[in-house]
**Student:** 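Structure in structure tokens, see below.
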Amino acid sequence: MTLSLGCVADDYTGASDLANTLTKAGLRTVQTIGIPEDDLALGEVDAVVVALKSRSIPAAQAVALSRAADAWLRQRGAAHVMFKICSTFDSTDQGNIGPVLDALRADAGEAVALVTPAFPETGRSVYQGHLFVGAVPLHESPLKDHPLNPMRDANLVRVLARQSAGPVGLIDMATVAKGADAVRDRLAALAGEGKGAAIADAIFDADLETLGRAALAHRVSCGASGLGLGLARALARPGSADPAADVLAEPVGGLAACLAGSCSQATLEQIAAAEALMPVLRLDPERLIADGAAVEEALAWAGGRVESGPVLIASSASPEAVRALQARHGVERAGHAIEGALAHLAAALVARGVRRLVVAGGETSGAVVDHLGLKAFRVGPEIAAGVPVLRTASAEPMLLALKSGNFGGRDFFGRALEMMR
Ligand SMILES: Nc1ncnc2c1ncn2[C@@H]1O[C@H](COP(=O)(O)OP(=O)(O)OP(=O)(O)O)[C@@H](O)[C@H]1O
Ligand SMILES: O=C(O)[C@@H](O)C(=O)CO
């Protein structure tokens with residue numbers, strides 16, 4: 001079947017966030033892990049979100065992967081492809097948002113692309129090109145302490161220009177308020193001025209509906225789930241059946257576990273709250289890096305406990321502890337070693353019968369899902385804004401929840417496990 005919408009996401013939790021939004025808006029959506037085989041049977045779907053792990057890799061690799069994903073989606077008939085980035089615009093001056101968008105835009109033969117990370121449901125809004133996280137500008141939010149890409153500038157026109165080949169313009173709120181035609185005219189004017197990308201202001205879902213309608217006149221756009229919502233509302237057929245309804249119809253059973261590698265403030269609070277619900281093991285990150293025995297000890301700890309109920313294992317630590325560890329081992333080395341350890345733990349837990357798995361953190365989820373060799377998910381109901389239940393299509397199905405670091409309320413882990421039966 002011909003896709004109404006193709007999406008290339010730069011991490012796995014971001015992909016499920018977008019898949020959740022598209023599903024809620026009425027599009028039948030599949031999330032794939034990596035670029036699918038040519039013969040992947042899709043069934044009746046409207047949208048495919050190809051999840052890459054390209055947010056924090058060298059820009060040239062991110063470009064190559066994203067172009068290949070885009071080519072796969074175009075082959076399946078997608079006339080519009082959205083590049084899904086983080087709603088907090090996670091990136092560095094080297095990329096990867098600018099280089100990937102430049103490449104996708106060139107492949108699509110477009111002069112300019114609309115960009116907005118606004119996602120009102122999770123408090124992300126853009127005004128005069130400045131990104132706000134709740135009530136504070138990006139550089140005053142907890143994202144200033146992100147372990148891999150600390151965000152220290154809220155002016156996205158400036159941020160994107162630093163990582164793009166060409167200049168970047170602004171579609172301001174006054175234009176957005178005038179409607180989709182005004183936005184399309186502004187995009188054309190910016191293209192005439194030689195701008196390759198335009199940051200669009202958006203505060204409410206209605207703004208994103210306007211931007212979604214305007215973006216569909218082009219072959220490529222870039223944003224977070226808010227833009228996904230705008231595109232999906234423009235594309236969905238009114239009155240179509242709830243696409244998430246049958247994902248939880250058959251319980252999968254099996255054991256349940258949670259793994260956390262995210263060090264975001266939200267995840268730290270969720271782990272603290274989970275202590276009241278299940279046994280929690282806090283890993284020593286120094287030992288995880290130094291020594292494979294730490295993983296074996298964690299497995300021994302989980303052994304008997306997971307047979308009688310869910311457990312949570314976390315490497316997560318405070319910003320100060322993260323900085324100290326990174327100073328001793330380097331940002332990448334520390335990050336990869338911990339991701340690898342959690343992925344290894346996930347595989348060992350699955351080998352012991354875990355079939356319901358909650359993972360916190362985008363990079364962490366990427367490492368876990370890759371290590372488990374999972375290829376595609378159907379998208380089920382929402383646990384918290386931006387986090388759906390996912391179901392593998394395999395003969396012995398698993399349920400997963402891949403949580404972006406900043407998402408979910410304090411009760412997230414308990415809530416997820418309650419839904420994942
Ligand atoms: N105690 C720790 N010290 C230093 N780094 C850590 C520690 N625990 C985890 N990490 C690393 O921090 C990074 C966290 O990134 P991850 O993407 O998983 O979470 P996040 O950034 O909060 O989530 P998202 O990308 O969805 O917003 C990973 O590379 C992880 O391995
Ligand atoms: O857009 C978001 O905030 C999330 O989907 C995400 O990508 C966080 O890593």
Side-chain angles (χ1 to χ4, degrees), residues 7 9-21 31 49 51-57 82-91 97 116-124 131 133 138 141-143 145-151 222-229 259-268 270-271 282-289 294 313-343 345 359-369 384-388 402-408:
C7 304
D10 69 353
D11 84 346
Y12 295 3
T13 50
S16 42
D17 164 21
L18 175 61
N20 178 56
T21 298
Q31 174 182 347
V49 182
L52 301 178
K53 199 169 185 286
S54 58
R55 188 174 289 172
S56 310
I57 61 176
M82 172 183 154
F83 173 36
K84 160 69 175 67
I85 56 163
C86 189
S87 64
T88 46
F89 219 77
D90 295 19
S91 54
I97 299 174
T116 186
F119 187 16
E121 197 182 342
T122 56
R124 276 51 153 178
L131 176 57
V133 177
L138 179 64
S141 79
L143 271 295
D145 296 317
H146 190 278
L148 304 177
N149 36 251
M151 298 306 293
C222 172
S225 277
L227 183 59
L229 174 132
L259 293 171
S262 161
C263 300
S264 71
Q265 201 173 306
T267 303
L268 295 175
Q270 290 156 356
I271 296 168
R282 291 174 185 273
L283 298 164
D284 174 353
E286 189 67 59
R287 286 205 51 224
L288 279 185
I289 295 173
I313 303 178
S315 71
S316 318
S318 67
E320 301 73 41
V322 168
R323 274 195 291 273
L325 192 88
Q326 290 176 335
R328 286 194 295 279
H329 299 283
V331 175
E332 277 195 21
R333 183 163 168 256
H336 287 153
I338 296 171
E339 287 161 31
L342 289 174
L345 267 171
V359 189
E363 296 293 326
T364 308
S365 297
V368 165
V369 167
V387 196
L402 309 178
K403 186 191 85 77
S404 290
N406 300 302
F407 285 1

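In each ligand, atom 1 is the first atom listed, and ligand 1 is the first ligand listed.
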**Student:** Measure from atom 12 (O) of ligand 1 to every heavy atom in G14, S264, P147 and give the option owning the shortest one.
**Tutor:** P147

**Student:** If we set the cut-off at 4.0 Å for heavy atoms, which region of Q326 has an atom near ligand 1: side chain, backbone, both, or neither?
**Tutor:** neither

**Student:** With a cutoff of 4.0 Å, is H336 in contact with ligand 1, counting heavy atoms of the residue only?
**Tutor:** no

**Student:** Testing the basics here: between L131 and S87, what is the closest heavy-atom pair and its distance to 0.1 Å?
**Tutor:** CD2-O, 3.4 Å

**Student:** Using side-chain contact (heavy atoms from CB on, under 4.5 Å), reason through V322 and C263 one step at a time and then give a plain yes or no.
**Tutor:** CA-CA 8 Å; V322 168; C263 300; 3.7 Å; yes

**Student:** Kindly confirm or rule out an N or O of L325 lying under 3.5 angstrom from an N or O of ligand 1.
**Tutor:** no

**Student:** Where is the nearest protein heavy atom to atom 5 (N) of ligand 1: which residue, which atom, and how far?
**Tutor:** I338 CD1, 3.9 Å

**Student:** If you take all heavy atoms of D17 and F119, which pair is closest and at what distance?
**Tutor:** OD1-CE2, 3.5 Å

**Student:** Just let me know how T364 lines up against ligand 1, side chain, backbone, both or neither, with a heavy-atom cut-off below 4.0 Å.
**Tutor:** both

**Student:** What are the two closest heavy atoms between P142 and Q265, and how far apart are they?
**Tutor:** CG-OE1, 3.5 Å

**Student:** Among all protein non-hydrogen atoms, which one is nearest to atom 1 (N) of ligand 1, and what is the separation to 0.1 Å?
**Tutor:** S315 O, 2.9 Å

**Student:** State, to 0.1 Å, how close V49 and A15 come at their nearest heavy-atom pair, and which atoms those are.
**Tutor:** CG1-CB, 3.7 Å

**Student:** Does any N/O atom on S316 come nearer than 3.5 Å to any N/O atom on ligand 1?
**Tutor:** no

**Student:** Any donor and acceptor pair, going by atom type alone, linking the side chain of E339 with main-chain N or O of S365 inside 3.5 Å?
**Tutor:** no

**Student:** Starting from atom 4 (C) of ligand 2, which protein heavy atom do you reach first, and at what distance in Å?
**Tutor:** S404 OG, 3.3 Å

**Student:** Please check this pair: side chain of Q326 against backbone of P147, looking for a donor-acceptor N/O pair closer than 3.5 Å.
**Tutor:** yes

**Student:** Quick check: closest heavy atoms across G408 and A384, and the distance to 0.1 Å?
**Tutor:** CA-CB, 3.8 Å

**Student:** Give the atom numbers and elements of ligand 1 that come within less than 4.0 Å of a heavy atom of R55.
**Tutor:** 25 (O)

**Student:** With heavy atoms of K84 as the reference, note each atom of ligand 2 found under 4.0 Å away.
**Tutor:** 1 (O), 2 (C), 4 (C), 5 (O), 6 (C), 7 (O)

**Student:** For atom 27 (O) of ligand 1, what is the nearest protein heavy atom, given as residue, atom name and distance?
**Tutor:** G405 N, 3.5 Å

**Student:** State whether K53 and D10 are salt-bridged, where the test is any N-O pair (Lys NZ or Arg NE/NH1/NH2 against Asp/Glu carboxylate O) under 4.0 Å.
**Tutor:** no

**Student:** Say whether G261 and ligand 1 are in contact under the criterion: heavy-atom distance to a ligand atom below 4.0 Å.
**Tutor:** yes

**Student:** Decide yes or no on side-chain contact (heavy atoms from CB on, under 4.5 Å) for T88 and V133, but give the supporting numbers first.
**Tutor:** CA-CA 7 Å; T88 46; V133 177; 3.9 Å; yes

**Student:** Given T364, which partner from the list D11, T13, L342, L402 fulfils the side chain to side chain contact (heavy atoms under 4.5 Å, CB included) test?
**Tutor:** L342

**Student:** Heavy-atom contacts with D17 under 4.0 Å: which atoms of ligand 2 show up? List them by number with element.
**Tutor:** 1 (O), 2 (C), 4 (C), 5 (O)

**Student:** Should we say atom CD of E121 is surrounded by more than 12 heavy atoms from elsewhere, each under 6.0 Å from it?
**Tutor:** yes

**Student:** Tell me the protein heavy atom at minimum distance from atom 17 (O) of ligand 1, and give that distance in Å.
**Tutor:** E363 N, 2.7 Å

**Student:** Could you establish whether A334 and ligand 1 come within less than 4.0 Å of each other, counting only heavy atoms on the residue side?
**Tutor:** no

**Student:** Can you sort out which atoms of ligand 2 are near D11, meaning under 4.0 Å from one of its heavy atoms?
**Tutor:** 7 (O), 9 (O)

**Student:** Considering only non-hydrogen protein atoms, determine which one is nearest to atom 31 (O) of ligand 1 and report residue, atom name and distance to 0.1 Å.
**Tutor:** G335 O, 2.9 Å

**Student:** I'd like to check which ligand 1 atoms, numbered from 1 as shown, lie under 4.0 Å from a non-hydrogen atom of T13.
**Tutor:** 26 (O)

**Student:** Using a 3.5 Å cut-off on N or O atoms only, is E339 in polar contact with ligand 1?
**Tutor:** yes

**Student:** Is there a side-chain contact (heavy atoms from CB on, under 4.5 Å) between H329 and E286 once you walk through the steps?
**Tutor:** CA-CA 9 Å; H329 299 283; E286 189 67 59; 2.6 Å; yes

**Student:** Under 3.5 Å between any N/O of G362 and any N/O of ligand 1: does that happen in this structure?
**Tutor:** yes

**Student:** Is there a polar contact, in the sense of an N or O pair closer than 3.5 Å, between S87 and ligand 2?
**Tutor:** yes

**Student:** With nothing but distance in play, are any N or O atoms of S262 less than 3.5 Å from an N or O of ligand 1?
**Tutor:** yes

**Student:** Using a 4.0 Å heavy-atom threshold (strictly under), name the region of P285 that reaches ligand 1: side chain, backbone, both or neither.
**Tutor:** side chain

**Student:** Using a 4.0 Å heavy-atom cut-off, which part of D10 comes near ligand 2: side chain, backbone, both, or neither?
**Tutor:** neither

**Student:** When you look for heavy atoms under 4.0 Å from ligand 2, do you find them on the side chain of F407, its backbone, both, or neither?
**Tutor:** side chain

**Student:** May I ask you to identify the nearest protein heavy atom to atom 9 (O) of ligand 2, giving residue, atom name and distance to one decimal place in Å?
**Tutor:** R55 NH1, 2.7 Å

**Student:** Using a 4.0 Å cutoff against the non-hydrogen atoms of C86, which atoms of ligand 2 qualify?
**Tutor:** 1 (O), 2 (C), 3 (O), 6 (C), 7 (O), 8 (C), 9 (O)

**Student:** S316 side chain to S262 main-chain N or O, any donor-acceptor pair under 3.5 Å?
**Tutor:** yes

**Student:** For residues L227 and C222, report the shortest heavy-atom separation together with the two atoms involved.
**Tutor:** CD2-O, 3.5 Å

**Student:** Any idea which part of H146 is under 4.0 Å from ligand 1, heavy-atom wise: side chain, backbone, both or neither?
**Tutor:** side chain

**Student:** Check the side chains of S264 and T267 for a donor-acceptor pair under 3.5 angstrom, ignoring hydrogens and angles.
**Tutor:** yes

**Student:** Show which atoms of ligand 1 fall inside a sub-4.0 Å distance from at least one heavy-atom site of S404.
**Tutor:** 26 (O)

**Student:** Could you tell me if S404 and N406 have a donor-acceptor pair between their side chains, going purely by distance under 3.5 Å?
**Tutor:** no

